[in-house]
Amino acid sequence: MINMIQNAKDQAAALAMAAYRAAAAEGALPQAEVKTAPVEIPKDTANGDFTTTFALAAAKVLGRSPRDIAQALLDRMDLAGSYFDSAEIAGPGFLNFRLGRGWYEGVCAAVESEGADYGTNDGMKGRKIMVEFVSANPTGPMHMGNARGGVLGDTLAAVLEACGAEVTREFYVNDAGHQIDKFAHSIEARYLQIIHGEDAVPFPEDGYQGDDIKELARAYYDQNGDKLADVPEAERQAALARYGLSVNLPKMKSDLRRYKIEYDNWFYESELHDSGYVAETVQLLTNRGYTYEKEGALWLKTADIIRENLLKAGKRERDVEKLDLKDDVLRRANGFYTYFAADIAYHRNKFAVRGFDRVINIWGADHHGHVARLKGALDALGLNGTEKLDIVLMQLVKLLRDGDVVRMSKRTGKAISLSDLLDEIPVDAARWFFNAKPDTQMEFDLGLAVREDSENPIYYVEYAHARICSLLRAMREEGVTVPAQREVDMTLLSGETEKALIKQMAQFCEEIRLAARSYDPSHINRSLQELAGCFHRFYTACHIRGEEPKLQAARLKLADGARIVLKNGLRLIGVDAPERM
């Protein structure tokens with residue numbers, strides 16, 4: 001697909017290199033191995049649309065001042081047939097390029113020809129990537145961290161797909177191990193309290209205290225009475241855990257569906273245990289010499305693995321020795337495997353069985369200590385976890401309402417869950433605001449999220465799209481439709497707001513590429529806000545209805561192009577592009 005920003009950068013770099021070769025052939029500059037310098041967009045576009053530091057980068061190897069080099073290049077710069085109208089020297093030796101009509105026409109033509117695919121590329125074609133996100137314990141309602149991780153994972157997956165990757169969205173269900181054991185004990189205590197009285201049955205000190213546990217116990221009792229009262233404890237706990245999961249998992253799926261998240265796969269931890277895959281994975285680590293027994297438990301030599309990886313990465317030995325590196329238990333003295341052992345097996349499955357080229361996990365920042373341990377364990381298995389496993393750590397969410405911190409739901413009086421949140425604000429607003437830069441702590445103002453003015457960014461962007469749709473409807477009622485590009489005189493789009501809008505439409509392609517490269521889908525939000533702002537400014541400065549036909553046609557075509565790009569961007573975030581507001 002066409003990325004006119006990258007095309008212009010590539011062309012500017014090629015023009016500078018061609019000018020150098022011409023200068024060297026004429027003897028104006030020395031012959032040398034000169035590297036192509038990067039081309040960037042200046043912060044102040046008054047200095048040009050693109051700039052290269054070619055002359056500054058080549059000064060040392062050529063033994064000339066950057067300005068002398070830049071002048072030699074400029075004297076031999078052939079812009080004929082290029083995207084650029086002119087080039088000039090600035091500052092200590094920057095070469096600045098100014099875009100010509102052909103580039104702006106190329107952007108509009110690409111939007112028209114690619115339509116719903118505009119902004120996509122094939123940079124990751126052939127790569128098989130898994131994005132695992134949310135993966136909340138099925139022992140209670142999903143919270144704000146899950147809400148943030150949900151949209152970050154889903155939007156990152158969409159961005160990677162837009163770059164040509166084959167992406168699988170996965171939810172890892174922790175339906176085994178310690179937390180399920182605690183879940184079972186908690187429901188059991190509440191169930192027996194219903195039968196024998198609250199004072200007659202102690203509640204586990206580390207049990208789940210939430211009202212949702214009481215509701216599960218009550219629901220089971222209402223359906224089945226006291227039939228589990230006298231069965232063996234293990235049988236009772238297993239039955240109550242199965243019941244709790246049978247209620248909680250469908251609720252999680254429905255909440256996520258309401259949040260516009262659909263997974264390709266729900267992977268159950270219990271399958272790893274039942275199939276023997278966890279035991280097999282631990283045995284492989286033992287066979288490779290990475291485990292030892294102590295006090296009846298089996299341990300992974302985590303500290304040695306991480307230490308070796310850090311030294312390979314160039315860390316100084318004395319700095320590594322200062323770290324508080326510890327080993328991890330894989331199998332407890334009672335014979336049960338730890339969550340860490342299951343997690344290693346799960347990630348081994350991703351690479352060794354299902355063949356993903358890269359795995360991306362969206363985790364809360366409180367999991368940062370687990371990153372090196374898991375990558376190291378995969379390295380010990382020969383799966384190159386250091387290179388192939390990427391962890392995106394997201395910071396906490398602080399909920400506000402008109403500036404005041406919110407901890408409880410107005411509806412339930414309990415801590416706000418994902419479901420409570422979606423009862424209070426539109427899903428589109430939740431997805432927009434949670435798609436913020438992952439590594440920054442975010443403040444989510446519920447009051448701002450429901451405002452219908454330009455202060456609310458999602459309203460501002462959606463209104464730009466609806467505004468264009470309203471214009472198109474009004475024009476159709478007057479018998480005017482959007483013309484084809486070949487029918488438009490694009491030279492009429494010469495105003496600053498018109499050119500700024502086209503530039504921002506072009507930048508959208510670049511932002512998708514950057515979002516995929518940095519695992520930061522908030523690039524799309526920022527791009528859409530800029531695009532909406534450019535459109536609103538264009539629409540204020542440039543009349544469309546009532547202008548003479550050729551100018552009206554050109555501006556109408558530009559407005560429709562902006563509509564296409566806005567819709568494409570909103571779709572990536574999983575947000576509606578309303579036609580009326």
Side-chain angles (χ1 to χ4, degrees), residues 1-11 13 38-41 106-107 109-133 149-170 260-265 350-351 354-362 387-392 394 431-432 434-439 503-531 561 564-575 577:
M1 300 296 178
I2 300 171
N3 181 337
M4 292 296 288
I5 296 286
Q6 191 60 49
N7 288 358
K9 288 180 177 181
D10 292 345
Q11 193 176 92
V39 176
E40 302 295 341
I41 297 174
V107 174
V111 173
E112 178 187 70
S113 63
E114 295 177 13
D117 291 329
Y118 180 75
T120 62
N121 62 75
D122 59 2
M124 293 185 172
K125 187 175 182 180
R127 298 180 66 182
K128 187 179 178 183
I129 301 175
M130 174 194 282
V131 183
E132 183 217 323
F133 56 102
V151 72
L152 284 173
D154 195 39
T155 308
L156 177 57
V159 164
L160 296 171
E161 286 172 331
C163 293
E166 177 189 340
V167 180
T168 295
R169 293 165 171 83
E170 183 153 293
K260 300 185 183 180
I261 294 176
E262 293 282 354
Y263 286 90
D264 300 298
N265 195 37
K350 293 180 182 183
F351 291 115
R354 291 187 280 168
F356 288 100
D357 302 310
R358 185 160 295 275
V359 168
I360 303 167
N361 294 345
I362 312 295
E387 295 296 327
K388 297 172 69 175
L389 173 63
D390 292 322
I391 310 293
V392 176
M394 58 179 183
R431 288 190 64 103
W432 175 277
F434 278 124
N435 194 46
K437 194 171 176 60
D439 60 2
K503 283 183 182 179
Q504 197 58 43
M505 289 160 59
Q507 186 64 29
F508 176 69
C509 303
E510 186 71 355
E511 295 301 333
I512 291 177
R513 186 184 69 82
L514 294 172
R517 187 183 71 179
S518 62
Y519 297 165
D520 178 9
S522 68
H523 276 274
I524 310 304
N525 294 46
R526 293 190 292 274
S527 176
L528 289 174
Q529 279 184 263
E530 289 291 334
L531 180 58
I564 291 171
V565 181
L566 285 166
K567 186 173 183 177
N568 290 359
L570 289 168
R571 185 176 64 248
L572 276 178
I573 303 172
V575 167

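The figures here come from the full heavy-atom set of this structure, side chains too, leaving out hydrogens, waters and symmetry mates.
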Sequence neighbours excluded, the answer for ring-ring contact (aromatic ring centres under 6.0 Å, His included) partners of F434 is F444
With sequence neighbours left out, the residues meeting ring-ring contact (aromatic ring centres under 6.0 Å, His included) with Y519 are none
Taking side chain as C-beta onward, heavy atoms only, is [X] less than 4.5 Å from [Y]?
X    : Y    : value
K9   : E40  : yes
M130 : N265 : no
L152 : F133 : no
M505 : L531 : yes

Would you say the side-chain atoms of [X] pair up with the backbone N or O of [Y], donor to acceptor, closer than 3.5 Å?
X    : Y    : result
D357 : K128 : yes
R513 : G123 : no
S113 : A110 : yes
N121 : C509 : no

Review point. If you measure only the distance, is there a donor-acceptor pair under 3.5 Å linking the side chains of N7 and Q11?
Key: no
| task | Indicate yes or no: does K350 engage E170 in a salt bridge with an N to O separation below 4.0 Å. | result | no
Do the charged groups of K503 and E530 touch, with an N to O distance under 4.0 Å? no
If the condition is side-chain contact (heavy atoms from CB on, under 4.5 Å), which residues does [X] pass it with, not counting sequence neighbours?
X    : value
S518 : D520, H523
D439 : K437
I564 : V111, D560, N568
Q529 : W432, P457, V461

Between [atom1] on residue [X] and [atom2] on residue [Y], distance to nearest 0.5 Å:
X    : Y    : atom1 : atom2 : result
I362 : E132 : CD1   : CD    : 9.0 Å
F508 : L566 : CZ    : CG    : 9.0 Å
I129 : M124 : CD1   : CE    : 5.5 Å

Which atom names give the shortest non-hydrogen contact between [X] and [Y], and what distance separates them?
X    : Y    : answer
G574 : K260 : O-CD, 3.1 Å
V167 : D264 : O-OD2, 3.8 Å
A436 : S522 : C-CB, 3.7 Å
A13  : V39  : N-CG2, 3.7 Å
G106 : M4   : CA-CE, 3.8 Å
E114 : I2   : OE2-N, 2.9 Å

(Q) Please evaluate residues E510 and Q6 with respect to the criterion side chain to side chain contact (heavy atoms under 4.5 Å, CB included), reporting the C-alpha separation (whole Å), side-chain torsions for both, the decisive distance (0.1 Å), and the verdict. (A) CA-CA 7 Å; E510 186 71 355; Q6 191 60 49; 4.0 Å; yes
Kindly determine whether R127 and L160 satisfy side chain to side chain contact (heavy atoms under 4.5 Å, CB included), including the steps that lead there.
-> CA-CA 10 Å; R127 298 180 66 182; L160 296 171; over 6 Å; no
Only one of L570, V575, L572 passes side-chain contact (heavy atoms from CB on, under 4.5 Å) with I524, and that residue is L572
- Would you check, one step at a time, whether the test side chain to side chain contact (heavy atoms under 4.5 Å, CB included) holds for I512 with T120? CA-CA 7 Å; I512 291 177; T120 62; 5.7 Å; no
Worksheet item: Considering residues, nucleotides and ligands other than R517, do more than 12 of their heavy atoms fall under 6.0 Å from its CZ?
Response: no
Could you walk me through whether I573 and L528 pass the side chain to side chain contact (heavy atoms under 4.5 Å, CB included) check? CA-CA 10 Å; I573 303 172; L528 289 174; 3.8 Å; yes
